[in-house]
Amino acid sequence: ATACDSYTWPENGQTYTTSGTYTNPTTNAAGCPNIVTLNLTINNSSTTSESATACDSYTWLANGQTYTTSGTYTNPTTNAAGCSNIATLNLTINNSSTTSESATACESYTWAANGQTYTTSGTYTNPTTNGAGCSNVATLNLTISNSTTSTESATACDSYTWSANGVTYTSSGTYTNTTTNGAACSNVATLNLTINNSSTTSASVTLQPSCTVATGTITVTTPKEAGITYSIDGSTYTNTTGIFTSLNPGTYTVTSKNSTTCISTGPSL
């Protein structure tokens, strides 16, 4: 007889677990001794065990099955001796991971995940390995906003108050004012300013030598610059010589407008 692991002999009801030759003495029908001999081969069942670690899933070669969770799995088969073989798999499944973050920056952004600097908005990924030895894909949702600039030019007499910052300037030059634009980035406003200065006007009064003459003369003594228009009494009398004659008695205010159109008010005579 051949058996797996053990064999119970019907002749005597004995169970054997090892190969061998066994006998059972009895008495035959004639009342004489009868020796029954058993030539026994015992083949043993077998077991195998293996351990495996995988990311997300594992396909066991023993049975072609794919597993996605950690656990202990078995696969019964028959060994070469025709007895059972139980294969055991001790499986550890580690999971891949993902992370996601959003960021907003002005002009550029350096992602700490990979040290890369980005200058345009977009979605960026960085594959790495997590603590379990599986893949980790980090995602960056990035918005890049830009700084802005603006430039204006202005010409004024004597002084100019810039509406961008409320500062009053009295000399020509280029001035800047840094603020924050609607995207929360810097905005640099530039003012190209020309300041023209008003001039000083002085005048003298010439009286007629005779009290019978009821008119007089006003002469502007300074400045005598080209392109200056002189006026007295508002716009009643205007010329470029600065000499006003045949004036009736009264009070007159001398003004001048220079070549930069800046106005100076002189004395009242």
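Sequence positions, counted from 1, serve as the residue numbers for this chain.
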Any [X] side-chain heavy atom under 4.5 Å of [Y] side chain:
X: Val167; Y: Tyr175; answer: no
X: Thr155; Y: Asn196; answer: yes
X: Tyr7; Y: Leu38; answer: yes
X: Thr99; Y: Asn136; answer: yes

Taking distance alone, no hydrogens or angles, what donor-acceptor pairs closer than 3.5 Å link side-chain atoms of residues 184-194 to residues at least two apart or in another chain?
unit_1: Ser186; atom_1: OG; unit_2: Ser147; atom_2: OG; d: 3.1
unit_1: Asn187; atom_1: OD1; unit_2: Thr148; atom_2: OG1; d: 2.6
unit_1: Asn192; atom_1: OD1; unit_2: Thr174; atom_2: OG1; d: 3.3

Task: Spacing of Thr98 atom OG1 and Asn130 atom CG [to the nearest 0.5 Å] - done: 10.5 Å

TODO: Rounded to the nearest 0.5 Å, what's the gap from OG1 on Thr176 to CH2 on Trp162? Could you check?
DONE: 6.5 Å

Open item on the list: Starting from Ile86, can I reach Leu89 by hopping between I/L/V/M/F/W/Y residues whose side chains sit under 4.5 Å apart?
Closed with: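 Unlinked, Leu89 and Ile86 end up in two clusters.
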
Can you name the nearest heavy-atom pair linking [X] to [Y], along with the distance?
X: Ala183; Y: Ser145; value: CB-CB, 3.6 Å
X: Tyr124; Y: Trp111; value: O-CH2, 3.8 Å
X: Cys4; Y: Gly82; value: SG-O, 3.9 Å
X: Asn177; Y: Ala164; value: ND2-O, 3.2 Å
X: Ala87; Y: Trp60; value: O-CH2, 3.4 Å
X: Ser159; Y: Ala156; value: O-CB, 3.4 Å

TODO: Please report the C-alpha distance between Ile144 and Thr119 in whole Å, then the side-chain angles of each, then the deciding distance to 0.1 Å, and finally whether the side-chain contact (heavy atoms from CB on, under 4.5 Å) criterion is met.
DONE: CA-CA 7 Å; Ile144 293 292; Thr119 57; 5.7 Å; no

Looking only at atom types and distance, does a side-chain atom of [X] sit under 3.5 Å from a main-chain N or O of [Y], one as donor and one as acceptor?
X: Asn63; Y: Asn75; result: no
X: Ser70; Y: Ile93; result: yes
X: Asn79; Y: Asn44; result: yes

Open item on the list: With no hydrogens and no angle check, just 3.5 Å: does a side-chain donor-acceptor pair link Thr66 and Thr59?
Closed with: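 The answer is yes; a qualifying pair exists.
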
